[in-house]
J.: 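One structure follows; several queries about it will come next.
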Number of protein chains: 2
Amino acid sequence: MSSIAVMASVDIVALRLDLQAQRLQVLLHRREREPHLGQWALPGVIVNGRTPDNSLDAAAARALQEKAQVLPRHLEQVGTEGNAFRDPRGWSLSTYYLALLDPAQVLDGEQQAFFDLDDLSARKVVLPFDHALLIQRACERLAAKSLYSSLPLYLLPARFTVLEALTATQACLGRTVNNTSLRKRLERLKDAGWVGDTGERIQPRLGRPQQVYEHLPHANGPFLFERSLLPEG
Amino acid sequence: MSSIAVMASVDIVALRLDLQAQRLQVLLHRREREPHLGQWALPGVIVNGRTPDNSLDAAAARALQEKAQVLPRHLEQVGTEGNAFRDPRGWSLSTYYLALLDPAQVLDGEQQAFFDLDDLSARKVVLPFDHALLIQRACERLAAKSLYSSLPLYLLPARFTVLEALTATQACLGRTVNNTSLRKRLERLKDAGWVGDTGERIQPRLGRPQQVYEHLPHANGPFLFERSLLPEG
DNA sequence: ACAATAGTGTCTGTTAGACAATATTTT
DNA sequence: AAAATATTGTCTAACAGACACTATTGT
C-alpha cells in the first residue's frame with residue numbers, strides 16, 4: 001500500500017466579512033506539527049483510512065469543527081492541487097474548500113485568528129506550502145459565482161440591509177457594484193422566496209431608515225440569476 | 001508514510017460528439033489490473049511519488065495519452081471524490097477531469113472504445129467503482145457551462161456549420177436550443193475573433209448551402225457570454 | 001414552380017445600468 | 001428648511017426567444 005499511496009489533506013479557505021472595513025478575512029490556524037510548526041496556515045486535516053471521515057466533505061466539516069469550532073453558512077469544494085513540490089516531504093494532494101462564515105463568527109483561543117485577505121494577497125503575511133495559491137483560487141471561484149448568484153449573501157447575518165448586501169457583493173468581486181442592480185436582485189430573491197422583508201427598520205445616524213431583510217429557509221445552494229453583473233462603463 | 005497516506009488516482013471523463021446521432025459518447029478503457037480487471041471503466045492513472053508526473057494536470061494528460069493516445073481539445077478539473085466505500089481496497093481519492101475530444105478522434109486497439117452516454121445513464125452498461133457518478137458530475141459541469149459559454153464548440157472539428165454548433169450545444173444541455181440565439185452567439189464569437197467565416201459552403205442533399213465557420217487561435221478557455229440560454233416557454 | 005433547407009429581420013420580454021426623483025429622518 | 005441617507009421610478013442598452021420572411025439550391 002505505501003508504494004502506491006500519497007499524502008492527502010483537506011484544507012479550508014473560510015471567509016468572514018468585516019462589515020465595517022468592507023473587506024474579507026480568512027481564517028488561519030497555528031500549525032500544531034512539522035513542517036512549519038507554529039506558523040499560521042489554512043486549517044486542514046489529513047485524510048486517510050485511519051481518520052474517522054467517511055467522505056471528503058465530512059473531512060472538510062471536521063477540519064472546521066476541530067480546528068476552529070466553526071459551522072459554516074456555505075461549504076463547497078473548489079478543487080485539488082497536487083504536485084511534487086508543494087510539500088517538502090514529497091508528492092502530496094490538497095483538496096480545498098471554500099467556506100463562508102457568519103460575520104459574527106468568533107474564535108476560541110490563540111491558535112486561530114482572522115487575517116485580512118488584502119494583507120495576504122500583498123504578501124504582508126506569508127503562508128507555508130501553496131496555501132496562498134489555494135486562497136487565490138477559492139477567491140476566484142467566489143468572485144466568478146458572485147457575478148451570477150446570491151452566494152455573497154451567505155457572508156451576511158440572518159438579518160441584513162441592502163447596503164450590507166452591497167458591501168458583501170463588492171467585497172467578493174473586488175469592485176463596486178451598481179446599487180440599483182443589487183436592489184433589483186434582492187427584489188427577485190424576495191419574489192422567489194429566498195429572502196423576506198422583516199418590516200423592521202434600522203435608523204442610521206441621519207437620513208431615511210433602512211429596510212431589514214432576512215434569509216428564508218430554502219433548498220441548498222445559492223440562487224442563480226440569468227444575467228451577470230457587468231463591468232462598469 | 002504508509003500510515004498517513006491514501007490511494008489516489010486521476011480519472012478522465014473524455015467526451016466525443018457523435019454528429020450523426022447528435023449524442024455524446026464517453027471514452028472507456030478495459031482495466032488492466034485488479035480489482036475489476038477486464039471491465040470497461042474510465043481511463044485513469046494512480047498518482048504518487050513514484051509516478052513521473054509533476055502535477056495532477058500532468059497526470060491527467062498522461063492518463064489520456066497512455067491509455068488511449070488521445071490529445072484533448074479541452075481539459076479541466078471537475079472535482080475530487082473521496083470516501084471509504086468507492087474502492088473495495090479501502091479509503092481512496094479520485095480527482096476527475098472533463099476532456100472534450102475532436103469528433104474525428106479514433107482509437108487504437110480493442111482496449112478502448114466509445115460508449116453512448118445515454119446507455120451509461122440508463123445503466124445499460126454498468127461501470128465499476130463510482131465511475132457512473134464521476135461521469136454524471138462531469139456532464140453536469142459541462143451542461144452548466146454550456147448555458148453561458150462557448151464550451152460546446154470544443155466538441156466540433158476545426159471547421160463546422162451552424163447546425164453542428166447547435167447539435168453540440170443541444171447534446172451538452174440535453175435539450176433543444178433556440179436556433180436564432182445560437183446564430184447570434186456565433187456572430188458575437190466572430191466579432192470577438194474566436195471563430196471565423198471561411199467563406200466555404202457545404203451543399204446539403206437539398207436546399208441552400210451552409211456557411212462553414214472555423215475556430216481561430218485564441219487565449220485558453222471558452223468565451224463567456226453575459227447571459228444564459230433560457231428554459232423554453 | 002415547388003419543396004427543402006439555410007439564413008436574416010423584426011418584434012417582444014427581461015434585466016443590468018445610469019441617473020433623476022421622491023421619501024424619511026435628524027439637526 | 002436644509003442636509004443626509006435610503007428607496008423608487010424612468011429611461012436606455014444588450015441580448016435571448018419567437019416567428020415571419022427571404023435566399024439558395026435540387027427535382
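Below, read A as the first sequence line, B as the second, and so on, with proteins coming before strands; counting in each chain starts at 1.
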J.: Got a sec, which pairs hit salt bridge (charged side-chain N to carboxylate O under 4.0 Å, His left out) with one end in residues 215-228 of chain B, sequence neighbours left out?
T.: none
J.: Can you see if the side chain of A/Ser181 gets near the phosphate of C/dG17 - specifically, an N or O under 4.0 Å from OP1 or OP2?
T.: yes
J.: Centroid separation under 6.0 Å, is that true for the rings of B/Phe223 and B/His218?
T.: no
J.: Side-chain N or O of A/Arg185 less than 4.0 angstrom from OP1 or OP2 on C/dT15?
T.: no
J.: Let me know, please, whether A/Tyr213 or B/Arg188 comes out on the 5' side of the other along DNA chain D by nearest nucleotide.
T.: A/Tyr213
J.: Verify the distance criterion only: is there a donor paired with an acceptor across the side chains of B/Gln105 and B/Arg16 at less than 3.5 Å?
T.: no
J.: Could you tell me which residues satisfy side chain to side chain donor-acceptor pair (under 3.5 Å) with B/Thr95, sequence neighbours excluded, listed by chain and number?
T.: B/Thr80
J.: Under a 3.5 Å cutoff, is there a donor and acceptor pairing between the side chains of A/Glu140 and A/Gln136?
T.: yes
J.: Tell me: CZ of A/Arg208 to P of C/dT26, nearest whole Å?
T.: 14 Å
J.: Using whole Å, what does the distance between atom C1' of nucleotide D/dT24 and atom CD of B/Glu200 come to?
T.: 17 Å
J.: Without decimals, in angstroms, what is the distance between A/Ile202 CD1 and C/dT24 P?
T.: 18 Å
J.: Considering residues at least two apart in sequence or located in another chain, which fulfil the ring pair (Phe, Tyr, Trp, His ring centres under 6.0 Å) criterion with B/Phe129?
T.: B/His36, B/His131
J.: Residues from residues 144-178 of chain A sitting under 4.0 Å of DNA chain D, heavy atoms only?
T.: A/Val162, A/Leu163
J.: Nearest to the A/Pro204 side chain among D/dT24, D/dA6, D/dT8, which nucleotide is it?
T.: D/dA6
J.: Out of curiosity, A/Cys172 SG to A/Leu100 CG, how far, rounded to the nearest 0.5 Å?
T.: 7.0 Å
J.: Quick one: which of D/dG17, D/dG26, C/dA16 gets closest to the side chain of A/Leu230?
T.: C/dA16
J.: To the nearest angstrom, how far is A/Gln211 atom CD from C/dT24 atom P?
T.: 11 Å
J.: Side chain of B/Leu229 only, please: which of D/dA16, C/dT26, C/dA6 is the nearest?
T.: D/dA16
J.: Quantify the bending of the helix from C/dA1-D/dT27 to C/dT27-D/dA1 as the angle between its end axes, each fitted on five pairs, to 10°.
T.: 30°
J.: Scan for side chain to side chain donor-acceptor pair (under 3.5 Å) pairs involving residues 185-205 of chain A, sequence neighbours excluded, and state none if there are none.
T.: A/Arg159-A/Glu200
J.: Between A/Tyr154 and A/Asp102, do the side chains contain a donor N or O and an acceptor N or O under 3.5 Å apart?
T.: no
J.: Mark yes or no for whether B/Gln22, through its side chain, and B/Asp18, through its backbone, hold a donor-acceptor pair below 3.5 Å.
T.: no
J.: Starting from C1' on C/dT25, measure out to CZ on A/Arg205 and report it in whole angstrom.
T.: 12 Å
J.: Rounded to whole angstrom units, what separation is found between the NZ atom of B/Lys184 and the P atom of D/dC19?
T.: 14 Å
J.: Taking CZ from A/Arg183 and P from D/dG9, how many angstroms apart are they, rounded to a whole number?
T.: 12 Å
J.: Let's see if you can work this out: which of D/dC19, D/dA14, C/dT24 has an atom nearest to the side-chain heavy atoms of B/Thr180?
T.: D/dC19
J.: Verify the contact: side-chain N or O of A/Gln203 to OP1 or OP2 of C/dT25, cut-off strictly under 4.0 Å; return yes or no.
T.: no
J.: Of the nucleotides D/dT25, D/dA14, D/dA4, which has the atom closest to the A/Arg227 side chain?
T.: D/dA14
J.: Please report the distance, rounded to the nearest Å, between CG in A/Leu182 and P in D/dA6.
T.: 14 Å
